[in-house]
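Remarks on the structure that follows.
Hydrogens, waters and symmetry mates are skipped; everything else that's a heavy atom, side chains included, is used.
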Amino acid sequence: MRVITAKNSGFCVGVKHAVDTALSLDSENTYVLGEIVHNPQVVEEIKNNGIKCVETLEELPDNCTVLFRSHGVPESYYDECEKRGIKIVDCTCSYVKRTQRIIKEQYELGRQIVIIGKPNHPEVCGLVGWCANSACVLNENDPIPDWLSQKDLSVVCQTTFSVEKFEKIIKNIKKVCEKTVAVFKTICYTTIERQREVEELSKVCDAVIVLGGLNSSNTNKLYEIAKANCANVFRLSSVGQFDFNELKKFKSIGIVSGASTPNAQTREVLLKMAENTEVKATNTMEDVVAKIDSESKFKKGQTVTATISQATEDGLQILLPYSKKEVALSKDELDCEVYNASDYVGKIGETIELLVVELKPSLKLSQKMIKVLEQEESLGEELKGGKEFSVVCTGFNKGGLVGRFGTYSVFVPAKEIRPGFVKDLSKYEGKTLRLRAIDVKKNEKRKEIIASQRVILQEEYDAKAEAKAEKEEAFFASIAVGDVVEGKVERVTDFGAFVSVNGFDCLAHISDLSWTSVEKVTDVLEIGNTYSFKVLRVDSTKKKVSIGYKQLQPQPWDLVEEKYHVDDVIHGKVVRIVPFGAFIEVEKGIDGLVHVSQISHERIETPATCLNVGDEVDAKIIAINAEARKMNLSIKALLPEGEKKRPQKVEEGEEGHAPKRTRAPKKTEDDEVSSWNEGSIAGTSIADLLANAKK
């Protein structure tokens with residue numbers, strides 16, 4: 001019988017550090033929060049060393065020492081321990097800490113956190129606490145919640161989760177979610193290698209023993225992988241529970257143990273096998289890999305799955321299957337627009353698909369060529385049928401632009417670059433062209449595509465124009481003079497505002513914004529705000545619509561009877577002087593007339609004798625006719641009746657001197673009639689006014 005032991009068996013670095021730390025601590029007043037590992041024997045050993053195990057922070061006494069295991073804890077635990085004077089010995093695995101940092105950073109950016117893993121696993125419970133317990137946890141076969149489809153997602157994974165299951169869940173998420181999905185592959189590199197190794201081991205052995213605690217997540221995943229490739233897989237948590245005589249019928253047996261299984265247990269299994277079976281030779285997985293490596297040969301054009309081991313400024317270092325040496329992968333052969341080593345540091349341990357491009361003088365691999373060949377495989381009839389493809393312009397000549405599409409040279413004639421004449425071809429160099437093949441030539445000596453970008457751009461322009469026309473037609477069919485519409489102010493000019501109504505620009509002229517004069521459009525409307533407007537004119541031929549804002553607002557005179565009453569005293573400004581009186585601005589949009597006879601108890605021949613434009617005066621309302629837009633005022637009504645002195649106008653340039661009296665030219669009777677009729681006071685007849693004028 002040949003026994004093969006997996007290279008990556010037993011404690012991982014994080015678990016070994018936690019167990020070694022626990023065994024080295026002073027046991028007095030010291031606790032472990034939760035089982036330090038999912039292994040009964042190790043847990044029992046820790047207890048025998050005097051360190052107590054508790055499940056919750058509440059069980060810890062103040063001022064004690066607590067060890068946080070490799071699975072990690074919620075962020076709030078650190079603050080709670082500090083408040084209670086509890087000393088922390090933090091043994092959180094470095095891979096788990098990285099995941100915690102990612103969750104916190106992405107949560108603070110406002111993104112929805114999704115954790116792929118087992119909801120009740122200690123690591124997952126801890127990770128949820130780094131985003132205020134708002135994460136969505138998804139396990140294998142869990143349906144993707146509908147509410148995630150409208151969120152920007154950041155997805156992380158339990159470090160010991162199955163790589164295959166993780167990738168399957170990610171595909172399902174991307175099918176459902178409409179917004180961005182940022183995926184962080186946080187599975188531990190050791191876990192990936194361990195899973196890859198057990199997969200290869202289970203393919204070459206007649207039977208496989210998977211050793212580890214029954215509640216160990218990573219050990220259970222190893223068992224699932226082995227079971228998929230080997231019919232005889234035995235799951236052991238301890239040596240005593242298994243009859244090793246069952247192994248005698250197998251020629252080769254592989255042994256793999258989980259990350260929470262101490263090496264002593266693996267040795268115990270090997271000793272027990274030696275007692276019960278005839279073991280001819282014992283090999284490590286490393287020996288098997290070396291043998292397979294020596295026997296394997298790569299072929300040109302072969303696709304291989306490699307593991308990223310380093311990221312440098314020149315490219316990546318990768319490990320090929322069954323190879324112990326790293327191979328360089330040039331940054332020029334990676335499928336990325338711009339190579340940045342820092343982008344790949346977080347991908348160390350992840351796998352990558354590569355194509356064997358050359359074997360001599362040295363092995364040359366490429367990720368970029370896989371995509372190229374995939375495109376070329378479907379090139380033929382699809383390109384001839386008009387399928388769009390992209391090419392980076394590498395140069396130009398007198399006739400047009402040139403580039404490469406895989407193994408094909410590409411030529412774009414100058415007239416096919418875009419609609420219209422292109423004068424400077426150099427500006428396209430280095431830019432990506434969207435192309436459609438006009439002709440595809442392929443023979444032993446030459447592979448060339450003659451292509452056009454113009455046809456794509458022209459089709460898009462025509463489609464936009466057609467869509468715009470349909471939209472306009474629908475708009476004009478749905479709008480009519482008198483309609484009240486909602487519109488958003490997009491931009492303003494000196495003559496008005498352009499308002500978007502159902503996506504169509506309508507003009508609200510400045511004269512239709514307010515019942516009173518407006519100096520600037522922004523005095524009434526604010527850019528970006530939405531208002532109600534009334535449709536004033538529709539011209540479907542010229543594609544113009546005029547709308548008004550003031551038409552939906554009350555006019556100043558509409559409110560006069562509510563705001564003002566006869567005998568009210570107002571304070572206003574003289575805005576206009578006419579021979580028969582003076583007009584006083586009561587408020588913006590409302591003027592009242594002080595007839596010449598209502599300025600003073602003393603007879604004056606012209607209002608200009610006493611008043612100037614701009615003077616502020618008090619006056620009493622003596623009549624209101626809102627329907628006729630008239631208000632009659634009296635200044636003399638506020639003067640004592642015995643006062644005979646009338647207001648006197650100060651001549652310009654004679655400040656400080658007695659005002660000069662001026663006398664208006666004597667009017668004829670016809671002039672008097674015309675003036676009094678134009679400024680007649682409500683309630684006073686024309687006959688009365690004429691009689692007064694003759695006196």
Side-chain angles (χ1 to χ4, degrees), residues 163 167 170-171 174 181-185 192 196 296-321 323 325-383 387-396 401-412 428-437 440-442 446-451 453:
V163 176
E167 292 175 350
I170 290 298
K171 287 182 180 178
K174 288 184 176 179
V181 180
V183 179
F184 298 88
K185 295 183 179 179
I192 295 173
R196 183 190 64 79
S296 64
K297 292 182 179 180
F298 294 113
K299 296 180 181 179
K300 188 175 180 179
Q302 177 186 358
T303 301
V304 296
T305 302
T307 302
I308 301 172
S309 57
Q310 290 185 56
T312 68
E313 293 302 319
D314 297 323
L316 303 179
Q317 294 290 320
I318 53 106
L319 286 169
L320 291 169
S323 175
K325 295 182 179 180
E326 291 181 326
V327 178
L329 178 62
S330 170
K331 63 183 180 181
D332 296 329
E333 297 301 330
L334 287 166
D335 185 17
C336 60
E337 291 186 6
V338 179
Y339 174 76
N340 191 333
S342 61
D343 294 339
Y344 286 88
V345 171
K347 297 181 180 181
I348 293 176
E350 297 181 10
T351 57
I352 183 173
E353 294 292 321
L354 301 172
L355 182 75
V356 178
V357 179
E358 298 290 344
L359 296 173
K360 295 179 181 181
S362 61
L363 182 64
K364 181 180 178 181
L365 303 166
S366 174
Q367 182 190 36
K368 185 184 294 183
M369 284 304 295
I370 292 179
K371 184 176 180 180
V372 170
L373 290 179
E374 287 175 351
Q375 291 174 327
E376 286 194 2
E377 284 181 8
S378 59
L379 185 65
E381 294 303 319
E382 290 186 356
L383 287 189
K387 182 178 180 180
E388 181 180 325
F389 65 103
S390 298
V391 166
V392 175
C393 175
T394 57
F396 61 94
L401 307 177
V402 296
R404 293 202 66 81
F405 183 72
T407 56
Y408 283 81
S409 63
V410 178
F411 178 67
V412 183
Y428 287 93
E429 193 168 5
K431 293 188 176 181
T432 300
L433 304 174
R434 298 169 54 207
L435 302 174
R436 188 174 294 163
V440 179
K441 300 177 181 179
K442 182 179 180 182
R446 190 177 186 185
K447 296 170 71 176
E448 183 182 30
I449 302 172
I450 310 297
Q453 182 174 247

Check: Any side-chain heavy atom of Ile370 within less than 4.5 Å of one from Asp335?
Finding: no

Item checked: Reported CD1-to-CZ distance for the pair Ile449 and Phe389, which is rounded to 0.5 angstrom -> 4.5 Å

Item checked: Heavy-atom pair of closest approach, residues Ala341 and Ala311 -> O-CB, 3.8 Å

Note to self: Quick check for you: to the nearest 0.5 Å, what is the distance between Leu319 atom CG and Arg196 atom CZ?
What the structure shows: 8.0 Å

Margin query: With heavy-atom distances below 4.5 Å as the criterion, would you say the side chains of Tyr408 and Val391 are in contact?
Written below: no

Next item on the list: Check whether any side-chain N or O of Lys185 sits under 3.5 Å from a backbone N or O of Lys347 as a donor-acceptor pair, and report yes or no.
Entry: no

Next item on the list: Report the C-alpha separation of Leu329 and Ile308 in whole Å, then their side-chain angles, then the decisive distance to 0.1 Å, and conclude whether the side-chain contact (heavy atoms from CB on, under 4.5 Å) test is met.
Entry: CA-CA 10 Å; Leu329 178 62; Ile308 301 172; over 6 Å; no

Notebook entry, point to check: Counting N and O atoms only, with roles assigned by atom type, does the side chain of Glu448 sit under 3.5 Å from a partner on the main chain of Lys441, one being a donor and the other an acceptor?
Noted result: no

Check: Taking the side chain as C-beta and beyond, is there a heavy-atom pair between Ser309 and Gln317 under 4.5 Å?
Finding: yes

Margin query: Can you give me the closest heavy-atom contact between Thr432 and Ser390, atom names plus distance?
Written below: CG2-CB, 4.0 Å

Check: Would you call Ile170 and Val181 a side-chain contact if the rule is heavy atoms closer than 4.5 Å?
Finding: no

Checklist line | Ser366 (side chain) donor-acceptor with Leu355 (main chain) under 3.5 angstrom | finding: no

Next item on the list: Establish, from distance only, whether the side-chain atoms of Asp314 and Thr312 form a donor-acceptor pair under 3.5 Å.
Entry: no

Note to self: What's the separation between atom CG in Leu401 and atom NZ in Lys431, rounded to the nearest 0.5 Å?
What the structure shows: 11.0 Å

Item checked: Straight-line distance of Arg404 CZ to Thr394 OG1, nearest 0.5 Å -> 8.5 Å

Item checked: Heavy-atom pair with the smallest gap, counting every atom of Lys364 and Glu333 -> CE-OE2, 3.6 Å

Checklist line | Among Leu354, Val304, Thr307, the one residue meeting side chain to side chain contact (heavy atoms under 4.5 Å, CB included) with Ile318 | finding: Leu354

Note to self: Assess the residue pair Leu334 and Tyr344 against the criterion (side-chain contact (heavy atoms from CB on, under 4.5 Å)); give the C-alpha distance rounded to whole Å, side-chain angles, the decisive distance to 0.1 Å, and a yes or no.
What the structure shows: CA-CA 11 Å; Leu334 287 166; Tyr344 286 88; 4.1 Å; yes

Notebook entry, point to check: With respect to Glu388, which candidate in Arg434, Gln453, Arg436 satisfies the side-chain hydrogen bond (donor to acceptor under 3.5 Å, both in side chains) definition?
Noted result: Arg434

Next item on the list: Assert yes or no for the condition that the ring centre distance of Phe396 to Tyr428 is strictly below 6.0 Å.
Entry: no

